[in-house]
Number of protein chains: 2
Amino acid sequence: MSSMTTTAPDGGTRMRSEDRRALVLEAATRVFGERGYHGATTDAVARAAGVSQPYVVRMFGGKEAMFLAVLDRTLDRIIGAFGEALDENRRTADPDDVDALAMCIGRNYVDLLRDRGLLLSLMQAFLLGADPDIGPHARAGFRRVYRYLRDEVGLPADRVHEVLAQGMLINTVVGLKMVDDIDDDPAAAELLGQLFPTKLEVLLSMRESAS
Amino acid sequence: MSSMTTTAPDGGTRMRSEDRRALVLEAATRVFGERGYHGATTDAVARAAGVSQPYVVRMFGGKEAMFLAVLDRTLDRIIGAFGEALDENRRTADPDDVDALAMCIGRNYVDLLRDRGLLLSLMQAFLLGADPDIGPHARAGFRRVYRYLRDEVGLPADRVHEVLAQGMLINTVVGLKMVDDIDDDPAAAELLGQLFPTKLEVLLSMRESAS
DNA sequence: GTCTATACCCAGATAGAC
DNA sequence: GTCTATCTGGGTATAGAC
């Protein structure tokens with residue numbers, strides 16, 4: 001519905017501004033994820049989204065505001081994925097089986113890799129705790145995830161801890177692009193095989209994708 | 001020995017160039033850790049080390065070479081800490097007690113936080129896997145740590161995995177500067193209490209330290 | 001809403017004196 | 001070895017047309 005487009009007289013494609021904003025946000029997520037906040041340029045985001053550089057600046061009011069918007073969207077998607085895992089587990093398994101629940105959360109988390117840059121731009125934000133504007137925002141986001149797992153999902157404290165640790169390792173290995181070395185180094189293959197027991201294809205599909 | 005300094009006639013302090021290099025490397029570690037590769041400026045490193053900006057550029061041949069030097073030093077120190085943990089455990093505990101060994105490694109790892117920026121600049125490198133020069137270097141470094149834990153320390157595969165995950169979570173929480181919110185949010189305190197059962201003081205000491 | 005053109009600043013690197 | 005001065009490129013943001 002909101003993705004409806006209208007064709008302009010000249011054959012070019014125009015779209016509703018909310019959709020364009022979503023598109024730019026997605027492009028920004030990818031660019032910030034790959035190069036980090038400081039390494040990313042508003043120009044790279046603009047090119048990835050197919051719009052002009054001054055436009056993306058205007059759209060969000062500045063680079064930093066854009067990054068914070070990416071961060072918020074990312075957190076929403078992660079919490080959403082955890083919520084879905086919770087529902088799914090309630091339907092298909094014993095609600096008290098914590099192992100099954102944790103596994104289900106892990107699967108849904110790995111699926112988030114399909115939204116390219118999502119987990120990486122989050123990780124980039126997490127390393128900017130020293131930044132006076134981004135830092136507080138990032139900390140609040142992390143605690144939001146922590147509390148959701150503890151209070152809404154209802155995992156015991158040590159399980160929350162475990163899930164988070166596993167998540168950070170996944171983010172790191174993805175950030176490293178360790179898949180790129182999977183054919184050259186048995187250690188890389190071993191580690192990735194352990195980390196992605198069921199979903200290795202998700203990772204492999206990220207090797208030679210488009211920019 | 002190599003830290004001997006000689007006082008110049010004008011009262012200023014000169015030192016051997018290797019020492020100066022080590023000093024700059026340490027400063028660079030802090031700056032890269034706080035702001036990331038792209039966010040860090042050679043000028044900030046120079047000021048932190050008390051030398052001129054062109055000098056640090058010359059000293060390493062460029063910003064990127066300096067970052068790679070920081071990365072190498074960091075990996076050496078981490079492997080060194082693990083080696084010490086291994087020795088310590090062999091002396092004081094049953095060499096086959098994997099739990100004791102893992103715990104000992106964890107303690108030595110947390111001690112590395114005293115070298116400010118060390119674990120963070122490493123983490124920053126790990127998120128730059130997409131960079132054509134830094135990426136391969138960072139991947140090789142990660143696998144070096146992985147292999148050391150597996151082959152030299154002799155941890156079973158699932159333990160290596162666990163130790164790495166825990167390490168990445170520690171790095172993340174430090175990068176977030178989560179300690180800054182420890183008084184304001186019980187969730188922050190809870191998480192940190194779990195993550196640093198014995199060594200919370202190491203973290204707390206990092207709150208209002210010098211720049 | 002979206003573009004082109006451009007102002008302005010900042011950072012990495014070089015030249016060259018001491 | 002180490003500094004000061006400076007060139008140069010590139011990146012954010014603004015002005016203003018369409």
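Just so it is clear: chains get the letters A, B, ... in the order the sequence lines come, proteins before strands, and each one is counted from 1.
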Between dA13(C) atom P and E64(B) atom CD, what is the distance in whole Å?
-> 9 Å
Nearest-angstrom distance from the residue atom CG of L23(A) to P of dG1(C) | 15 Å
Grab the CG-P distance between D43(B) and dT6(D) for me, whole Å please.
-> 17 Å
Nearest-angstrom distance from the residue atom NE2 of H38(A) to P of dC10(C) = 14 Å
Between M66(A) (CE) and dG11(D) (P), how many Å, whole number?
-> 13 Å
Could you please name the option among dG1(C), dA13(D), dG16(D) that lies closest to any side-chain atom of P54(A)?
-> dA13(D)
Contact class for A46(B) vs. all strands (heavy atom < 4.0 Å): base, sugar-phosphate, or nothing?
-> nothing
With rounding to the nearest 0.5 Å, note down the distance linking CZ in R207(B) to CG in D180(B).
-> 7.5 Å
Starting at CZ of R47(B) and ending at P of dT4(D), how long is that distance when rounded to a whole Å?
-> 13 Å
When you match R58(A) and S17(B) each to their closest nucleotide on DNA chain D, which lands nearer the 5' end?
-> S17(B)
Just checking T41(B): base, sugar-phosphate only, or nothing, at a heavy-atom cut-off of under 4.0 Å?
-> sugar-phosphate
Hey, is the side chain of T42(A) poking within less than 4.0 Å of OP1 or OP2 on dG11(D), counting only N and O atoms?
-> no
What nucleotide, of dA13(D), dT14(C), dC3(D), holds the atom closest to the side chain of V57(B)?
-> dT14(C)
In whole angstrom, what separates Q53(B)'s CD from dA13(C)'s P?
-> 8 Å
Without swapping roles, check the side chain of K63(B) against the backbone of A40(B) for a donor-acceptor pair under 3.5 Å.
-> yes
Starting from the C-alpha separation in whole Å, work towards a yes-or-no answer on salt bridge (Lys or Arg N to Asp or Glu O under 4.0 Å) for D185(A) and R147(B).
-> CA-CA 11 Å; D185(A) 191 326; R147(B) 278 204 221 86; 2.4 Å; yes
K63(A) NZ - dT12(D) P separation (whole Å) = 5 Å
What closest approach, in Å, do I182(B) and A188(B) show between heavy atoms, and which atom pair accounts for it?
-> CA-CB, 4.2 Å
